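So the structure is just underneath, and the comments pick up after that.
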Amino acid sequence: METCDILVIGDGIAGCMAALAANAQGANVLVIEKAPKDVPHSNTAFSGGSFRRTSQVYPAEKFYQDMISLSGGRADPELTKIMVEKSRQARDWLTALGVPWTSKSRDPGAADQVDGQGKALAEILRRAVAARNIKIHHETEAYGLILESERIRGARVKTAAGNSEIRSQAVILAAGGFQANPEMVTRYLGPGGNHLVLRGSPYNTGDGIRMALEVGAKIDWMDDFHGGLIHYGYKQHLEEGAMAGMRSMKKYEVGILVNQQGSRFVDEGEYPSDKTYAKFGKLVALTQPGGVAYVIFDSATKETINPDYTGPDRGPIEAGSIRELATKLEIDPGALEHTVTAYNDSIQGEKCPSLRPPKTNFACRIEEAPFCAYKVTGGLTFTFGGLWTNTKGQVLDSGRKPIPALYAAGEITTGIFYGNYAGGSSLPRCAVYGRIAGESAAEYIRP
Ligand SMILES: Cc1cc2nc3c(=O)[nH]c(=O)nc-3n(C[C@H](O)[C@H](O)[C@H](O)COP(=O)(O)OP(=O)(O)OC[C@H]3O[C@@H](n4cnc5c(N)ncnc54)[C@H](O)[C@@H]3O)c2cc1C
């Protein structure tokens, strides 16, 4: 039987930040990770590395308002405020660990992007953990928490050598969401959820949520998730067995979105795409015929849309006329022609106020051949529901009291995202609360 002061479950950004923070406070930390070491496995590793943080042009009040309004007013004010206020500092913590940045994100004022994206981020974090002599045991899967005298004292784990126990004075759960668990997806998101393309880790199967539930934790907001509007090519790619870092569609707000019937169904210009892609992916996959839609645009915006797609079938489907494009997309040509004409005729400035649904920003005429389209669908990026934690990262029970010696951070937690999402805000959420959970657990075990 192995022992440590603090056991961290999961080696993504939340787990690594928690381990580093607890180690810096003098705790003897052990990290366990279910996946093999040599394959990209965490959502952190699959991420685009976009990191939203405050700046002179993106003050804390604006970031906070974005989080509150995009969640329809649901985001927990206290949890959100801390995440926003510490986002800049969190970027500095990562810089100090050697994370390099580019300003290539969709909105450079509001977010930086890790050079090398999530793969580089995950590797640098793991190297930083190893450099402090914190062990990571891979292929070690936690399946139960040890509860003794009403406090958590470690976890039961499965390894190739068999089942065993790791004893600790506190546990930090950083095992991600439940998006890769078809049974939980059906139960909480509905059967349609399993038709979405899983964009990230196949290992995030809700184990941490299940284990915490067994010791009385409170879960909430389990019915919602980050969708992600993606190129349809990724779906085929995945069906052929490839695992790509699936980047979402960018800048589609300058075109129109139509369904297989050739009709518009959403205000494409409600916000720039980094504030709509997470909900549009859900909308397309769960509500449109066949779970697909098309971004329609013309030669003027061809270079703008979807610049960093990494899957097969690069470049848009093109045609010399809207009728010909419709035929290629198997849409009724008359219906698509009618939609595009009505759209062009309604543009006033950059808006189409008379259209139903309206287009409130970024309207550009679709008039110059070649006429272009991308077929899109919805991805399942990560789940929004999970464990309730307080501002110290303590896991709360159904009476909202902390469960002694149990902490959680990252995607496994809830309370911040619901309905919609601002691109690049999960990584700072995970970094900030990973560090808080590590510091709180270290403080808890201090004699
Ligand atoms: C394609 C994609 C792109 C994204 N792009 C961005 C972006 O640009 N910016 C942004 O802010 N967010 C992005 N996200 C979201 C973000 O990456 C995640 O929300 C975040 O990385 C989650 O970090 P985490 O540490 O909580 O979980 P993860 O990084 O997923 O780590 C959890 C780990 O726990 C392990 N685990 C699970 N169960 C067990 C168990 N029983 N025992 C032991 N280990 C276990 C898993 O194997 C995994 O390695 C993206 C996500 C995806 C999928």
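Everything numeric here is computed off the predicted structure, so don't read it as measured data. Heavy atoms only: backbone and side chains are in, while hydrogens, waters and symmetry mates are out.
Between the OH atom in Y271 and the OG1 atom in T276 there is a gap of 9.5 Å [rounded to 0.5 Å]. In this structure, the separation between CD1 on I416 and OG on S426 is 9.0 Å, given to the nearest 0.5 Å. How far CZ of R429 is from OG1 of T80: 10.5 Å, rounded to the nearest 0.5 Å. Atom CG of residue D224 and atom CZ of residue F417 lie 11.5 Å apart, to the nearest 0.5 angstrom.
With respect to K275 and D107, no salt bridge is recorded, no charged nitrogen being found less than 4.0 Å from a carboxylate O. Looking at R126 and E33, no side-chain N of the basic residue comes within less than 4.0 Å of a carboxylate O on the acidic one, giving no salt bridge. A salt bridge does not link R210 with E183: none of the charged nitrogens is closer than 4.0 Å to a carboxylate oxygen.
Residues F265 and P357 approach most closely at C-CG, 3.7 Å, considering heavy atoms. Contact detail for H41 and S201: the closest heavy-atom pair is O-OG, 2.6 Å. What you find for L427 and S50 is that their closest heavy atoms are CD1-O, 3.6 Å. Closest of all the heavy-atom pairs between K302 and F297 is CA-CE1, 3.8 Å. Contact record, I209 with G385: CD1-O, 4.3 Å, taken as the closest heavy-atom pair. Pairing each heavy atom of N390 with each of P402, the nearest pair is ND2-CG, 4.1 Å.
For NZ of K218, the number of neighbouring non-hydrogen atoms (other residues, nucleotides, ligands) closer than 6.0 Å is greater than 12.
Remark: side-chain polar atoms of S273 are paired, donor with acceptor, to backbone N or O of K251 under 3.5 angstrom.
Of the options D112, L125, V114, I124, a side chain to side chain contact (heavy atoms under 4.5 Å, CB included) to L94 is made by L125 and by none of the others. Under the side chain to side chain donor-acceptor pair (under 3.5 Å) rule, T381 has a single partner from Q179, K282, R199, E411, which is R199.
The aromatic rings of W221 and Y418 lie perpendicular to each other, with more than 60° between the two planes, well past the 30° mark. Ring geometry, Y421 versus F384: the interplanar angle falls under 30°, so the pair is classed parallel (tilted spans 30 to 60°).
T414 and D220 share no side-chain donor-acceptor pair at under 3.5 Å. A donor-acceptor pair shorter than 3.5 Å can be found between the side chains of H138 and D11. A side-chain N or O of D66 and one of Y58 form a donor-acceptor pair less than 3.5 Å apart.
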